[in-house]
Trainee: 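This is the structure, below, for whatever I ask next.
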Amino acid sequence: MCGIFGYINYLVEKDRKYILDTLVNGLSRLEYRGYDSAGLAVDGDKKKEVFAFKEVGKVAKLKALIEQEKPDLTKVFDNHAGIAHTRWATHGPPSRVNCHPHRSDSSWQFAVVHNGIITNYKELKVLLQSKGFKFETETDTEAIAKLAKYIYDEHPSIDFTTLTKAVIKELQGAFGLLMKSVHFPGEVVAARKGSPLVVGVRTQKKMKVDFVDVEFGENEGALPAEQASQNVALRNKNSLLAPPDKSNLLHRSQSRAFLSDDGVPQPTEFFLSSDPSAIVEHTKKVLYLEDDDIAHIHEGQLNIHRVSKMDGTSNVRAIQTIEIELQEIMKGRFDHFMQKEIFEQPESIVNAMRGRLNAKEGTVTLGGLKQYMGTIRRCRRLIFIACGTSFHSCMAVRGAFEELTDIPISVELASDFLDRQAPVFRDDTCVFVSQSGETADSLMALRYCLERGALTVGIVNVVGSSISLMTHCGVHINAGPEIGVASTKAYTSQFVCMIMFALSLSEDRASKQKRRDDIMQGLSKISEQFKEILKMDEDIKEMCQKFVQRLKFTPDAGTDREPRFKHQKSMLLLGRGAQHATALEGALKIKEISYLHCEAVMSGELKHGVLALVDESLPIVMILTRDDIFAKSLNAYQQVIARKGRPIVICNQDDKEFPGEKTDKIEVPYTVDVLQGLLNVIPLQLMAYWLAVGEGLNVDFPRNLAKSVTVE
């Protein structure tokens with residue numbers, strides 16, 4: 001949801017063409033996050049001049065606009081700062097004027113790109129309007145740029161870092177932002193609070209150290225500001241800011257990592273992004289900003305500032321080497337990222353288990369939880385908190401946790417959990433599951449649980465994400481980059497990691513040993529069984545085409561019409577027990593990318609109202625693999641057949657219960673019951689994919705959706 005990219009070169013000569021291409025390409029790497037417009041800002045031909053390009057639609061349209069405007073591409077810069085953004089509309093519709101970057105005034109003295117939401121922007125807007133500022137957009141971001149200009153106008157001698165701190169102090173909400181200014185040429189400040197930002201570094205020589213020192217202010221109040229409210233704005237005619245106290249300003253120290261042997265800054269390039277996947281083609285050396293960090297890039301150096309030192313805050317930020325390869329974020333031989341990620345699952349679940357599961361010796365080792373395992377075993381209950389697909393993965397493993405651990409289990413939607421202000425106690429363990437680790441509702445729920453003293457566990461895919469940093473302990477699912485908005489491999493990797501979590505928690509229970517061994521043996525075979533199911537890809541594709549053609553046309557429809565989803569608006573998925581979670585996930589996938597309303601129903605609830613929908617034309621998928629409640633699930637199947645329904649049945653191989661004249665079958669291998677959902681979800685992912693492809697829809701970037709939901 002929205003994407004930020006920035007590029008700064010120092011003592012490295014680059015022409016404007018290279019700078020623009022780097023920014024545009026960076027945005028293209030962030031397209032998967034969901035957006036409706038794109039823009040960028042670079043230095044102009046004259047001193048204190050800014051060229052800004054903004055366009056509604058895809059990044060390709062922005063690139064075409066730049067070509068149409070014909071800026072001088074040959075101009076060379078040895079020190080330059082450019083910022084760029086893909087916008088997902090929250091305040092104001094998609095338009096050129098609402099597109100980022102946003103400016104402080106017509107001369108672009110300050111330019112800002114911003115992810116997240118500023119919750120008090122209306123109060124700031126009223127305040128600034130009372131000071132004579134005129135707003136030209138409907139966005140919350142514009143208030144940031146204009147506030148920066150107002151503070152600068154009041155204190156022309158202020159430095160960029162102190163100015164940024166004064167701005168940040170007035171902002172409420174979650175944000176990640178970059179700001180550049182004509183008053184500080186070649187410099188960029190980046191600030192993070194609840195929205196991810198990563199800095200990539202490329203130097204010609206090896207850096208002296210692999211970390212950056214954090215510089216702390218001496219007190220809490222750098223440049224106190226008046227309350228940003230309409231009443232105060234109308235009542236108080238004094239300056240917004242008290243004169244800066246020079247004794248308390250953060251000094252601009254040299255950053256050891258970027259100095260050459262003689263103490264002089266070396267030629268350096270910096271790449272800033274909301275996602276490391278946009279940086280990996282340029283450098284693998286990255287630094288993840290933490291909440292409340294302010295990064296100042298100037299004169300080939302990177303300084304990290306904070307207003308004050310808080311308990312547990314590290315004095316350094318490590319420069320890490322990311323392991324993402326460029327080919328991992330490319331489609332390769334596949335038509336879509338989603339298709340690629342479905343077919344990567346045999347490998348991604350092996351990566352989730354590698355070094356952790358030893359089926360031969362019957363052991364599970366989760367290093368990120370080891371120190372806290374005893375505390376978790378003694379907790380009064382386990383609360384799983386998640387959204388969307390991650391919520392479904394929690395639902396899928398709930399039964400396994402209850403069976404193996406004998407600990408009361410609660411599975412909560414993060415938004416509902418917060419709305420209810422659900423009671424949380426010190427002896428609870430709260431598990432937060434998120435692919436991105438940046439989901440806004442989950443992050444707010446995490447802060448809520450931390451305030452109440454609960455032990456928190458993070459299960460995330462993205463290293464360095466907010467949830468991974470804020471929780472006491474956790475597990476990385478190691479699924480690799482997931483570009484498609486509709487999550488596939490992250491679901492199965494989360495499933496596997498949480499099953500290993502349950503196995504690890506129950507290792508001290510002798511009565512569960514046989515069951516644990518069966519599950520571990522099942523896990524060791526899952527990858528090969530995935531490969532077996534994926535061989536049915538063409539069969540599922542053909543089944544979807546026939547299924548659509550049979551169900552979408554009235555008996556008198558002409559045979560020359562192309563099969564389309566125009567006459568059927570609903571679809572039913574039925575599952576029972578753990579397979580209800582599988583049905584929920586399958587229904588979500590179908591809704592997300594094929595735009596067909598699809599409802600997942602617990603099979604036992606069919607006769608309590610839903611059966612009224614069933615007739616010969618309603619598309620129905622039933623999950624009927626063998627388990628302890630198979631006989632009960634079969635009742636729902638008989639009820640559907642009796643009403644002339646012809647469901648697609650997902651069943652085990654060679655199951656004679658479902659004759660071909662009554663059903664269409666997708667046969668999957670048999671595994672231990674708590675893992676069967678892993679196998680059953682693959683055909684549903686493929687069905688969703690082929691239904692969307694058949695409609696000619698944008699599989700990877702469905703309308704109105706974003707990969708990482710960073711707003712409530």
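Residue indices begin at 1 and follow the sequence shown.
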Trainee: Donor-acceptor pair, Thr456 side chain versus Cys430 backbone, under 3.5 Å?
Mentor: no
Trainee: Under the ring pair (Phe, Tyr, Trp, His ring centres under 6.0 Å) rule, what pairs show up with a residue in residues 44-83, not counting sequence neighbours?
Mentor: Phe77-His80
Trainee: Would you list the pairs meeting salt bridge (Lys or Arg N to Asp or Glu O under 4.0 Å) in which at least one residue belongs to residues 449-463, sequence neighbours left out?
Mentor: none
Trainee: Do Lys14 and Tyr18 meet the cation-pi criteria used here (NZ or CZ under 6.0 Å from the six-membered ring centre, within 45° of the axis)?
Mentor: yes
Trainee: Please, which pairs that meet salt bridge (Lys or Arg N to Asp or Glu O under 4.0 Å) have at least one residue in residues 50-74, sequence neighbours excluded?
Mentor: Glu55-Arg96
Trainee: Looking at residues at least two apart in the chain, or sitting in another chain, which of them share a side-chain contact (heavy atoms from CB on, under 4.5 Å) with Thr139?
Mentor: Arg87, Asn98, His102, Thr137, Thr141, Glu142
Trainee: Taking only residues two or more places apart in sequence or in another chain, which ones pass salt bridge (Lys or Arg N to Asp or Glu O under 4.0 Å) with Lys122?
Mentor: none
Trainee: Can you list every salt bridge (Lys or Arg N to Asp or Glu O under 4.0 Å) pair that touches residues 458-474, not counting sequence neighbours?
Mentor: none
Trainee: Just to verify, what does His183 make a side-chain contact (heavy atoms from CB on, under 4.5 Å) with, not counting sequence neighbours?
Mentor: Lys48, Gln109, Phe110, Tyr152, Ser181
Trainee: Report the residues that fulfil side-chain hydrogen bond (donor to acceptor under 3.5 Å, both in side chains) with Asn461, sequence neighbours left out, ordered by chain and then residue number.
Mentor: Gln435
Trainee: Does the Ser195 side chain pair with the main chain of Gly116, one donor and one acceptor, at a distance under 3.5 Å?
Mentor: no
Trainee: Who passes side-chain contact (heavy atoms from CB on, under 4.5 Å) against Cys387, sequence neighbours left out?
Mentor: Ala414, Thr439, Asp441, Ser442
Trainee: ring-ring contact (aromatic ring centres under 6.0 Å, His included) with His282: which residues, sequence neighbours excluded?
Mentor: Phe271
Trainee: If the condition is side-chain contact (heavy atoms from CB on, under 4.5 Å), which residues does Ala295 pass it with, not counting sequence neighbours?
Mentor: Ala190, Leu289, Leu302, Ile304
Trainee: Under the rule for salt bridge (Lys or Arg N to Asp or Glu O under 4.0 Å), what residues qualify as partners of Asp105, not counting sequence neighbours?
Mentor: none
